[in-house]
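To find a chain, count down the sequence lines: A is the first, B the second, and so on, and within it residues start at 1.
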Amino acid sequence: MEKLSDLEYLKLTKAQKFFYRLKLLITGFPSWLLGLGKALLSFLKNIILNIKNEFLDIFLTFKNGDFKTKLSYLFMGFGSIARGQILRGLLFLIFEIVFIFYMISSGTYWLNKLMTLGTKGPQEVYNEKLDQYVMTYYDNSFKILLYGILTIIFIIAFIYTWRLNIKQNKISEAIIKSGKKLKSSKDDLRSLVDDQFHKTLLALPLTGIIVFTALPILFMILIAFTNFDANHNGYSNALFTWVGTSNINQLVTWTSGSSNFSATFGEILTWTLIWAFFATFTNYFLGIFVALMINKKGIMFKKLWRTILVMTIAIPQFISLLYVSKMFSNNGIINGWLMDWGIVGLDSRIQFWENPTLARIMVILINIWIGIPYLMLIATGILLNIPADLYESAKIDGASTLQQFQKITLPYMLFITGPYLLTSFIGNINNFNVIFLLTGGGPTNQAYTTSGGSAGYTDLLITWLFKITTVDSNYKLAAVIGIAVFVVCAAISLFVYNILPSMKNEEEFQ
Amino acid sequence: MSMNNNEKRHMKQSTKNRISNTVIYIILILMSIIWLIPFVSIVLQSFRIESTLQVGYVIPKQWGLDNYIKLFKETSFPIWYLNTLFIALIVALVQTLVVLSMSYTLSRLRFKGRKFLMNFMLVLGLFPGFLTMIVLYTVLKDLNMIMANAVPGLILVYVASSGMGYYISKGFFDTIPRSLDEAARIDGATRFQVFYQIIMPLSKPIVIYTILTAFLGPWGDFIFARYISNYNSSGMNVAVGLWSWLQKDTIAQKYTLFCAGGVIVAIPVTILFMCLQKYYVEGVTGGAVKG
């Protein structure tokens with residue numbers, strides 16, 4: 001495709017510009033992929049080179065070092081202690097002792113079992129005392145996998161620390177050779193509130209994130225390659241084991257007929273994306289609209305309007321959403337009023353939550369009720385920041401209110417809230433509360449139910465994941481869905497980040 | 001002549017303005033009604049004592065405090081309420097420390113691996129958080145922190161991952177001029193002193209915002225609380241407890257109790273929120289703009 005010059009590009013109409021950019025994006029995709037491949041290749045090359053250098057350095061440090069350095073290869077921290085840096089040396093030494101002790105006492109056990117996730121499942125064993133067969137439990141696949149991962153991470157950490165300990169020796173030798181003094185233990189401690197303050201601040205938060213988020217996610221990614229479910233819970237009924245990519249195959253192979261896992265996944269994914277789209281953009285535009293109304297010159301009681309709307313943010317969602325959900329149920333207030341007004345009869349009450357299409361529309365509408373106040377606050381903050389002289393000069397030029405909105409307000413808003421729109425879209429893909437509290441995923445879809453997972457018409461991937469975990473205990477599929485959610489979110493983020501720079505050009509003021 | 005024209009235009013514009021203002025008032029009043037109906041009706045329903053069923057009218061036929069008395073005397077609601085309050089207080093304290101140290105470090109200190117760390121957390125954030133629950137449940141079970149003892153388990157889960165929500169306060173710290181730090185550093189202050197004596201006093205709005213959101217979070221959490229407490233009554237929070245009252249087999253007896261419970265939960269939380277609204281708005285608008 002021919003690339004247009006700037007002048008030619010500016011001559012295009014808005015629609016033409018958009019299609020031009022879209023074409024650029026699509027035709028540019030192969031070269032983008034190629035670039036990515038190249039970057040990956042050079043990245044690998046770099047890694048290999050780095051590893052080579054590391055080994056060379058380890059070797060040279062050993063060859064050129066004094067006996068303190070040489071002994072440190074076996075006893076971590078020996079060099080530091082011998083050179084007077086007691087605190088550092090002791091920490092290294094303690095780490096080594098703990099590591100060796102752990103590996104001997106249990107580490108090797110978990111590592112050995114990791115390949116099979118356990119060989120001896122629960123079985124009936126004859127008990128002489130009781131004179132009968134008793135169910136006896138042996139291996140625990142779940143723990144083997146968990147401690148196996150932990151052991152591998154521990155080993156990596158040990159190798160890293162060992163390398164650090166060698167580097168430390170090299171640096172210390174160089175410092176001593178140049179005639180300077182080494183840092184004392186007191187200096188080390190002091191630096192924790194000074195040069196190394198980031199380590200102090202990050203220690204606790206990062207430990208939390210690694211132990212409670214990163215590790216569990218790594219674990220669940222691995223679970224996607226096992227047959228961990230209600231019938232193989234890894235301990236009390238049967239062990240689970242590695243099954244390769246069969247779970248993921250189930251997701252991506254498309255067989256005909258509607259009652260299979262991949263079809264169900266496809267339909268729920270489609271609805272999730274439709275939901276996220278509407279939930280994000282209805283809130284966005286209506287929120288701006290409401291903010292504009294409240295902030296218009298001459299409108300009184302601004303604070304009152306704002307406070308009434310903000311109440312939906314203040315009141316916990318489980319109260320407001322659960323109550324609203326019941327308001328729309330068959331014997332709820334809405335149907336009660338409609339009957340009082342003679343619009344519907346007792347037999348023709350509107351079944352808001354039983355009709356799939358109606359239920360889907362209702363969740364989007366009620367989400368507007370929940371979402372507008374939030375957007376109204378954000379939009380108000382931004383609107384107040386738009387330079388007033390922009391509007392003044394527009395007025396002098398004779399621009400109507402609508403034109404002002406089109407040419408000034410909207411571009412400015414879009415420009416500033418671009419990243420927010422992306423995060424809010426991702427947030428809506430994972431919007432558990434609104435769907436689960438309003439409909440619980442219902443109404444039930446028979447086709448979904450037969451294919452592993454008690455999902456309904458309004459279920460998002462995230463609520464489906466919740467149900468598959470809590471109702472069906474089908475952990476392997478839950479893991480697969482979790483990974484799928486990640487892939488979808490990552491793909492959308494990458495896509496938006498890649499067209500965002502060109503979007504920004506568009507949003508310049510004209 | 002031209003004066004006349006101008007006047008006419010002015011007249012036309014002011015009538016136009018009046019019409020558009022009237023339309024706006026009508027829309028705003030309608031919106032206010034829609035926004036308030038659920039809240040007004042839940043309060044009215046909580047005073048309805050002629051039946052515990054869900055009904056199709058708002059104004060009670062018989063008024064009374066029976067639901068509230070029953071709520072505190074005959075149900076586990078007080079336990080749930082204290083559970084949630086306790087969790088919220090601890091989380092507000094610890095999470096604020098975690099989030100502030102995380103965001104401060106990433107905003108104002110430069111060190112090796114900073115960029116990597118931020119990308120790492122960005123990628124982690126794209127996984128659904130609930131996915132971690134399957135593992136954490138088993139681990140917490142071994143630590144005896146589930147079911148009846150769910151409260152410490154829940155605190156641990158909320159606090160441990162809270163460092164990932166650093167974006168908004170980082171956005172705030174980014175706006176404080178760096179020259180302040182540098183001047184203090186030249187005067188010999190350690191990085192800790194800069195943090196504690198210079199940045200913190202300037203950061204009151206974001207500190208209050210962080211405390212407020214951390215405190216409100218546990219009141220609304222359903223997904224983790226439901227999974228960890230696993231329907232054990234003494235380990236539930238208000239969200240799970242009140243949710244369990246609206247299920248098919250309980251709603252006939254508990255509907256008005258739910259309304260009363262909802263009111264009891266909402267009132268203090270709402271008052272707190274309204275008092276600190278200013279800081280919330282500051283945090284939300286500032287944070288959203290910077291992403």
Counting only non-hydrogen atoms closer than 4.5 Å, does B:Leu117 touch chain A with its backbone (N, CA, C, O), its side chain (CB onward), both, or neither?
side chain
Which pair of heavy atoms, one from B:Thr84 and one from B:Pro218, lies closest together, and at what distance?
CG2-O, 3.9 Å
Tell me, do B:Phe224 and B:Leu136 make a side-chain contact under 4.5 Å, heavy atoms counted?
no
What part of A:Asn335 lies closer than 4.5 angstrom to a heavy atom of chain B: side chain, backbone, both or neither?
neither
Per-residue contact mode, A:Val487 against chain B (heavy atom under 4.5 angstrom):
neither
Is B:Arg108 close to chain A through its backbone or its side chain, or both, or neither, when contacts mean heavy atoms under 4.5 Å?
neither
Using side-chain heavy atoms (C-beta onward) and a distance below 4.5 Å, is A:Leu206 in contact with B:Met102?
yes
Are the side chains of B:Leu44 and B:Ile59 in contact, using a 4.5 Å heavy-atom criterion?
yes
So, the part of A:Ile333 with a heavy atom under 4.5 Å from chain B: the answer is both
Say you draw a straight line from CG of A:Leu321 to CD1 of A:Ile315; how long is it, rounded to the nearest 0.5 Å?
11.0 Å
Would you say the ring centers of A:Phe436 and B:Trp243 fall short of 6.0 Å from each other?
yes
Comparing A:Val310, A:Thr423, A:Thr307 against chain B, the one with the most heavy-atom pairs below 4.5 Å turns out to be A:Val310
Counting heavy-atom pairs under 4.5 Å with chain A, the top scorer among B:Gly220, B:Gly163, B:Ser32 is B:Ser32
Quick check, are the ring centers of A:Phe142 and A:Phe228 under 6.0 angstrom apart?
yes
Part of A:Met339 within contact of chain B (heavy atom distance under 4.5 Å):
neither
Verify the neighbour count for atom NZ of B:Lys278: are there more than 12 heavy atoms of other residues, nucleotides or ligands below 6.0 Å?
no
Any non-hydrogen side-chain atom of A:Leu422 less than 4.5 Å from a side-chain atom of A:Ile492?
yes
Which portion of B:Asp142 sits near chain A, non-hydrogen atoms under 4.5 angstrom
side chain
Heavy-atom pairs under 4.5 Å with chain A are the metric here; pick the option from B:Ser162, B:Gly125, B:Pro128, B:Cys259 that has the most.
B:Pro128
Counting heavy-atom pairs closer than 4.5 Å to chain A, which one of B:Leu216, B:Val269, B:Thr138 comes out on top?
B:Thr138
Pairs of heavy atoms under 4.5 Å with chain B: top-ranked of A:Met327, A:Gln317, A:Lys296
A:Lys296
Whatever's closer than 4.5 Å to a heavy atom in chain A on B:Tyr137 counts as neither
Do A:Ile462 and A:Asn431 have side-chain heavy atoms sitting under 4.5 Å apart?
no
Of the backbone (N, CA, C, O) and the side chain (C-beta and beyond), which part of B:Gln193 lies under 4.5 Å from a heavy atom of chain A, both, or neither?
neither
Within the structure provided, determine whether B:Ile199 and B:Asp181 are in side-chain contact (heavy-atom separation under 4.5 Å).
yes
Out of B:Phe258, B:Trp219, B:Tyr57, return the one with the most heavy atom pairs under 4.5 angstrom to chain A.
B:Phe258
Nearest 0.5 Å please: distance from the CG atom of B:Leu122 over to the OH atom of B:Tyr167.
4.5 Å
For B:Phe127, is it the side chain, the backbone, both or neither that has a heavy atom under 4.5 Å from a heavy atom of chain A?
both
With a 4.5 angstrom heavy-atom cut-off, which part of B:Val238 approaches chain A: side chain, backbone, both or neither?
both
The interface call for A:Phe466 against chain B, heavy-atom contacts under 4.5 Å, is both
Here's a test for you: under side chain to side chain contact (heavy atoms under 4.5 Å, CB included), which of B:Val135, B:Leu154, B:Ile228 qualifies with B:Leu140?
B:Ile228
Cut-off 4.5 Å, heavy atoms of chain A, and the answer for B:Phe120 is side chain
Any chance the side chains of A:Tyr323 and B:Ser41 put a donor and an acceptor closer than 3.5 Å?
yes
Among the options A:Pro216, A:Ala214, A:Gly336, pick out the one with the most heavy-atom pairs lying under 4.5 Å from chain B.
A:Pro216
A:Lys199 portion near chain B, given a 4.5 angstrom heavy-atom threshold
neither
Quick check on A:Trp337 against chain B: is it the side chain, the backbone, both or neither that has a heavy atom closer than 4.5 Å?
both
Which atoms of B:Val263 approach chain A - backbone, side chain, both or neither, heavy atom under 4.5 Å:
neither
Taking every non-hydrogen pair under 4.5 Å, which of B:Val98, B:Val123, B:Asn21, B:Val265 racks up the most with chain A?
B:Asn21
From the list A:Ile223, A:Ile334, A:Ile313, the residue making the most non-hydrogen contacts under 4.5 Å with chain B is A:Ile313
Between A:Leu375 and A:Gly287, which heavy-atom pair has the shortest distance, and what is it?
CB-CA, 3.9 Å
Heavy-atom proximity to chain A below 4.5 Å, by part of B:Ile29
both
I'd like to verify something: which residue of B:Arg114, B:Met121, B:Arg191 has the highest number of heavy-atom pairs under 4.5 Å with chain A?
B:Arg191
With only heavy atoms counted, which part of B:Arg185 is less than 4.5 Å from chain A, the side chain, the backbone, both or neither?
side chain
Can you tell me which portion of B:Met31 sits under 4.5 Å from chain A's heavy atoms? Options are side chain, backbone, both or neither.
side chain
Where on B:Ile37 is there a heavy atom nearer than 4.5 Å to chain A: the side chain, the backbone, both, or neither?
side chain
Which atoms of A:Leu437 come close to chain B, meaning under 4.5 Å heavy atom to heavy atom: side chain ones, backbone ones, both, or neither?
side chain
Compare all side-chain heavy atoms of B:Met133 with those of A:Thr469 and state whether any distance is below 4.5 angstrom.
no
I'd like to know whether CZ of B:Phe111 has more than 12 heavy-atom contacts from other residues, nucleotides or ligands below 6.0 angstrom.
yes
Quick check on the 6.0 Å ring-centre criterion: do B:Phe130 and A:Phe432 meet it?
no
Around atom OH of A:Tyr147, are there more than 12 heavy atoms from other residues, nucleotides or ligands closer than 6.0 Å?
no
Sort out for me which of A:Gly440, A:Ala379, A:Cys489 touches chain B most, counting heavy-atom pairs under 4.5 Å.
A:Cys489
Identify which part of B:Leu109 has an atom lying under 4.5 Å from any heavy atom of chain A, answering side chain, backbone, both or neither.
side chain
Please examine the side chains of A:Val485 and B:Leu131, heavy atoms only from C-beta on, and report whether any two atoms are closer than 4.5 Å.
no
Under a 4.5 Å cutoff for heavy-atom pairs, which residue among A:Ala314, A:Ala479, A:Ser325 has the most contacts with chain B?
A:Ala314
Below 4.5 Å from any heavy atom of chain B, which atoms of A:Leu204 appear? Answer side chain, backbone, both or neither.
neither
